[in-house]
Amino acid sequence: MCGIFGYCNFLKDKDRKEILEILCNGLARQEYRGYDSAGLGIDGDNPGEIVFFKEVGKVAGLRKRIAESNINTSKTFSSQVSIAHTRWATHGPPSTVNCHPIRSDPSNEFIIVHNGIVTNAAALRQVLQNRGYKFESETDTEAVAILTKYVYDSQPGKRITFPSLVKTVLKELEGSFAFVFKSIHYPNEIVTARRGSPLLIGVKTEKKLKVDFVDVEISGPDDGKAVDGFVPTAPNSRLAPPAPKISRRQSRNYMSEDGMPQPIEFFVASDASAIVEHTKRVLYLEDDDIAHISDGQLHIHRLRRNESGQAETPATRSIETLEIEIAAIMKGKFDHFMQKEIYEQPESVVNTMRGRVIFDDYRITLGGLRSYLPIIRRGRRIVFCACGTSYHSALATQAMFEELTEIPVSVELASDFLDRKTPIFRDDVCVFVSQSGETADTILALRYCLERGALCVGIVNTVGSTISRETHCGIHINAGPEVGVASTKAYTSQYVALVLMALQLSEDRISFTPRRRAIIDGLRELPVQIKKVLELDSTLREFANTLLANQRSLLLMGRGYQHATCLEGALKIKEIAYMHSEGILAGELKHGPLALIDENMPVIIVMTQDSLYPKVQSAFAQITARKAQPIVICNEGDDGIKKGVKTIRLPKTVDVLQGLLNIIPLQLLSYHLAVKNGFDVDCPRNLAKSVTTE
Ligand code: AGP
């Protein structure tokens with residue numbers, strides 16, 4: 001998905017070289033989100049001049065273009081604002097003209113970077129074209145840039161403030177987005193706003209800030225209104241002549257404790273990983289927040305007021321401290337982030353359990369759920385809702401939830417859940433699982449369930465994300481930043497978090513005590529067992545480089561708990577090795593997939609020892625009878641497997657946890673298949689880390 005980065009310095013000398021470096025680094029840190037072009041806009045040498053650099057392809061190419069230009073890099077700015085963007089093409093192919101920042105006109109009166117999609121852009125474009133405005137790109141963003149100029153041009157005396165102008169524009173937009181606006185009419189100011197797409201602002205000062213929050217300013221009744229009836233698709237358009245009445249107060253955190261204005265830097269980004277190398281002090285914007293940075297001050301306005309004239313969200317936005325370390329977003333000794341993240345799993349699962357499991361007492365404490373446990377236990381069903389890997393983690397733990405809670409459980413793909421308009425009731429408990437916490441389908445499903453009065457629980461990795469903020473309660477999985485597009489450590493941590501949740505819910509059931517204890521003992525062993533599985537890395541590389549090297553397809557089979565393992569393994573192989581792969585429930589073999597089997601069809605069968613072992617043995621017999629030569633994922637010491645069969649032998653654990661070990665060889669296999677073929681492991685083609693559009 002696209003990535004936004006904006007940089008503002010005030011009373012702090014920075015030469016252009018440093019500014020360009022900050023912008024390019026900010027983009028590079030967000031590369032993992034997926035993109036196909038990168039660009040930036042900075043102040044030129046003369047007032048009212050903006051210089052662009054744009055490049056199709058990687059940020060490295062953008063850096064090269066800058067290095068090859070003859071721009072004066074030593075020019076120093078004591079205050080300036082600049083914006084940058086990585087674009088993941090939606091409207092129009094990757095090209096320099098479609099690359100952001102997008103301008104309103106050849107004089108660059110307004111320039112914009114944008115994430116998300118403006119769904120009424122075509123209608124806006126039509127109206128603006130009818131009024132004589134010329135478009136140069138195919139982007140939806142350009143309609144917003146030109147609309148901004150149109151609204152500005154319509155102001156008598158052009159005396160509208162920058163945030164009021166943006167507010168007027170935003171009121172005409174439909175869809176989900178995050179924007180940063182820069183303009184030659186408002187030098188050294190930027191306005192940034194979000195609806196449905198994440199944005200945060202880092203604040204860096206030498207002295208301590210006077211307060212740790214920013215007030216949300218409630219504007220006057222006429223603020224943000226302009227010309228009536230401009231946009232035909234918005235009959236209740238609020239465009240009307242402006243009379244800005246913002247109460248301009250001095251931002252309190254602009255001052256240091258001694259009450260003096262101080263040098264300050266602001267970093268606007270879609271992702272904390274782009275900010276953490278500069279500052280850990282960040283403020284997350286809420287939907288419909290409009291942040292205005294000017295003269296070293298940060299003001300936050302709301303797009304709308306509720307009927308009583310009050311903002312619907314809290315009246316302040318607090319400045320929080322990021323808990324991630326810079327090392328967490330560096331590759332270190334590994335070749336790829338995915339490889340690093342696979343290898344981090346012995347620690348990441350511990351971090352998920354840290355402070356939550358007291359092994360000696362067999363006690364689980366999930367602080368984020370504690371006060372909601374009685375409601376969850378009384379729920380008439382639990383509905384899991386997620387996409388991709390996160391969906392698989394819910395599927396992997398469904399049977400355990402049913403067993404331990406005795407509550408009916410369904411697992412829904414968020415997109416399908418919305419398409420079906422699934423009935424949801426007040427006594428339902430809906431659990432939203434998401435690494436990023438920003439997946440559009442999952443967020444929409446969450447809002448659908450909130451509207452229907454269900455209790456909404458979030459299982460999320462990214463602190464401060466939309467899902468973590470909008471759910472009633474939940475668990476942060478604490479896996480640490482996951483950069484590789486292919487989700488690995490987040491899967492195992494989501495799985496562990498869900499196991500903890502089921503264990504906590506069942507703690508009042510004495511009859512389950514032996515079962516709970518066995519699972520908790522299994523959790524204790526997990527890190528050591530994962531390390532053992534990782535020792536198989538070279539065997540898996542060997543399989544990837546020989547047996548599976550030139551194959552076009554790979555079937556993964558298993559049943560019970562291992563069905564999710566097969567689906568997840570197949571997803572990994574598809575997404576980074578670009579190889580067709582299918583996870584098959586072994587019980588379904590005879591109902592169709594068996595027809596695919598012959599001596600040429602590569603198969604991996606998951607045959608670890610649980611109560612379904614005999615049934616999987618029968619599936620094994622059925623496929624080998626048809627000359628398949630499957631690789632078998634089985635437990636160490638399993639003598640039931642004939643000599644000559646290729647095996648991947650793993651430590652044995654309790655049935656509900658075995659999937660946590662079984663997935664790791666499949667993660668490694670997909671990784672080696674991708675490396676062997678020279679594919680971009682961390683940023684596979686056509687995919688994005690965070691899928692913020694439907
Ligand atoms: C996993 O490897 C994928 N890249 C993808 O399926 C991902 O899990 C899915 O898009 C959901 O993302 P989320 O967990 O951030 O909501």
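We count ligands from 1, going down the list as the structure has it; atoms in each ligand are counted the same way.
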Do the side chains of [X] and [Y] get close enough for a salt bridge, i.e. N-O under 4.0 angstrom?
X	Y	value
Glu470	Arg447	yes
Lys531	Glu535	no
Arg195	Asp288	yes

Which residue, Leu668, Asn662, Leu666, forms the side-chain contact (heavy atoms from CB on, under 4.5 Å) with Ile664? Leu668
May I have the N/O to N/O pairs between ligand 1 and the protein that fall below 3.5 Å, each with atom names and distance to one decimal?
unit_1	atom_1	unit_2	atom_2	d
ligand 1	2 (O)	Thr389	OG1	3.3
ligand 1	2 (O)	Ser487	N	2.8
ligand 1	2 (O)	Lys572	NZ	3.0
ligand 1	2 (O)	Glu575	OE1	3.4
ligand 1	2 (O)	Glu575	OE2	2.3
ligand 1	4 (N)	Val485	O	2.9
ligand 1	4 (N)	Glu575	OE1	3.1
ligand 1	6 (O)	Thr389	N	3.3
ligand 1	8 (O)	Thr389	N	3.1
ligand 1	12 (O)	Thr439	OG1	3.4
ligand 1	14 (O)	Ser390	OG	2.5
ligand 1	14 (O)	Gln435	N	2.7
ligand 1	15 (O)	Ser434	OG	3.4
ligand 1	15 (O)	Ser436	N	2.9
ligand 1	15 (O)	Ser436	OG	2.6
ligand 1	15 (O)	Thr439	OG1	3.3
ligand 1	16 (O)	Ser434	OG	2.6
ligand 1	16 (O)	Thr439	OG1	2.4

Distance from Thr86 atom OG1 to Arg29 atom CZ, nearest 0.5 Å? 13.5 Å
So which heavy atom on Val276 is nearest to which on Ser273, and how close? CG1-O, 3.9 Å
